[in-house]
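Here's the structure we're looking at; comments come further down.
Everything numeric here is computed off the predicted structure, so don't read it as measured data. The figures here come from the full heavy-atom set of this structure, side chains too, leaving out hydrogens, waters and symmetry mates. In what follows, chains carry the letters A, B, and so on, assigned in the order in which the sequence lines appear, proteins first and then strands, with residues in each chain numbered from 1.
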Protein chains: 2
Amino acid sequence: MAATSHPPLAPLPEHQPPMGLRERKKLKTRSAIRRATYGLIAEQGYEATTIEQIAEAAEVSPSTVFRYFPTKEDIVLTDDYDPVMAAVLRSRPVDEPPLESLRFVLDQATRSMMTTDHDEVIQRTRLMVDVPAVRARMTESMSSTATLLTDVLVERTGRDADDFEVRIFVAAVLGVLRETSLYWGEHGSQDDLPALIHRALDSLAAGLRL
Amino acid sequence: MAATSHPPLAPLPEHQPPMGLRERKKLKTRSAIRRATYGLIAEQGYEATTIEQIAEAAEVSPSTVFRYFPTKEDIVLTDDYDPVMAAVLRSRPVDEPPLESLRFVLDQATRSMMTTDHDEVIQRTRLMVDVPAVRARMTESMSSTATLLTDVLVERTGRDADDFEVRIFVAAVLGVLRETSLYWGEHGSQDDLPALIHRALDSLAAGLRL
DNA sequence: TGTCAAGTGACAGTAACTCTCAAAAGAGAG
DNA sequence: CTCTCTTTTGAGAGTTACTGTCACTTGACA
């Protein structure tokens, strides 16, 4: 059982303020596309929304949309928390049981997401539940999260890179995280998400004795 | 630790022999498309192989290919084992711990697959490792396996349909199964797959203590 | 202010699907 | 065996996500 109180870690490791006009414009375009997409999807649904419409609404060309996001699904997803999670995991005491370390990481990450991007998280989860393509892409993107976390755990446990047990460990935790999100979304995103995650991890810690 | 010896269950619950010419032709077309696809992929790779080529090689029209398989990825995948697994799970003693029941089911299923479709399993796993789209579709198809197994477990444990712990349980096991397959494939499909699965389930049973 | 690099838009092309409709072919009755 | 009914097939037209190229524009920096 974790869920300790801590400085509510920033969602992004901020780049230093002095950012050229170019960079700033890029960020703006990026979020313009995102906003336009979320708006159109809310009105018409995911499939009915075409890249062309998104481009028009965001006042850029379709080419530009593809330059910013490799696939349509990626527009509604984020990997932003991956590096933060890796960092937090690294910051945990080395003798803490790995499952508890991950519990802390996930608790922090979800709380942070829910406080800073509450509505977006809900809408994204809804899409994950409703749209197979989005769900699939989300799962794939979890694979890269998995790789990242595996690397950190390998380094912390002194095991072989590509150690089977570590990979199984991470796969179980992330698989369970995915299912928890789906469950939460299917039930109207009303339950306490961090609490659900803790229950799921408790199940894992107890060896899945049903 | 399971892996008991048992009658090597048939891969498919055979439909009664008296099958009309129509049905037989459909099966033939289906496997013609499959074979053609595997052949072309072996020669040229997955992405380079188009539906049009597959159709030509299988001597059907592109329309027909789409009628038999909803997506290109589905051509190289199978859900055939799902109903068998559900049946085997149902046949286990009710007082057996669920994790052990699933261990038995997975052990049987993989052994059966490896003996009856050895080469195809290997090629499919290779595709799963190499081609993100195939991997994604495979993961999605595991979702429906999950639903099936969840239903059976719910009925065996007398829990609520859609019980959170049962869903977590199945998600963990299937997530771990997926990772085991990937690991196996990445390492040349040379290890003993059932043995790896047992190791993975041992990890789960031990509460993922690394 | 002028030069260079980075970002953008227009355009053409590919391939996976979807839909519709008419032709072909198996099933079953007489 | 043949006529009818139903299922399956192929042909064709259309949509959309995505790729690659190239000329143009617009920040960066001296």
Legend entry - Residues forming a side-chain contact (heavy atoms from CB on, under 4.5 Å) with B/Ala200, sequence neighbours excluded: A/Phe164, A/Ile168, B/Val176, B/Thr180
Legend entry - Short side-chain N/O contact to D/dT8 OP1/OP2 from B/Tyr68, under 4.0 Å: no
Inset, instruction - Calculate the interatomic distance between A/Arg137 atom CZ and D/dA17 atom P; express it in whole Å. - result: 15 Å
Inset, instruction - Sequence neighbours left out, what pairs pass side-chain hydrogen bond (donor to acceptor under 3.5 Å, both in side chains) with at least one residue falling in residues 20-32 of chain A? - result: none
Legend entry - Value in whole Å for how far the P atom of D/dT6 lies from NZ of B/Lys26: 16 Å
Inset, instruction - Classify every nucleotide of nucleotides 16-30 of chain C by which part a protein heavy atom approaches to under 4.0 Å, writing B for the base, S for the sugar-phosphate alone and - for neither, in 5'-to-3' order. - result: SBB------BBS---
Only distances under 3.5 Å count here; give the side-chain donor-acceptor pairs of residues 186-197 of chain B to other protein atoms, sequence neighbours excluded, each with its distance to 0.1 Å.
{"residue": "B/Glu186", "atom": "OE1", "partner": "A/Arg167", "partner atom": "NH1", "Å": "2.8"}
{"residue": "B/Glu186", "atom": "OE2", "partner": "A/Arg167", "partner atom": "NH2", "Å": "3.3"}
{"residue": "B/His187", "atom": "NE2", "partner": "A/Asp162", "partner atom": "OD2", "Å": "2.7"}

Inset, instruction - Among residues two or more places apart or on two chains, list those pairs meeting side-chain hydrogen bond (donor to acceptor under 3.5 Å, both in side chains) that have a residue in residues 34-44 of chain A. - result: A/Gln44-A/Thr49
Legend entry - Gap between atoms CG and P, on A/Leu40 and D/dA17 respectively (whole Å): 12 Å
Legend entry - Rounded distance in Å - CZ (B/Arg24) to C1' (D/dT8): 16 Å
Inset, instruction - Grab the CD1-P distance between A/Ile54 and C/dG9 for me, whole Å please. - result: 15 Å
Legend entry - Salt bridge A/Asp107-A/Arg103, side-chain N to carboxylate O under 4.0 Å: no
Inset, instruction - Applying side-chain contact (heavy atoms from CB on, under 4.5 Å), name anything that partners A/Thr71, two or more places apart in sequence or on another chain. - result: A/Glu73, A/Asp74, A/Arg137
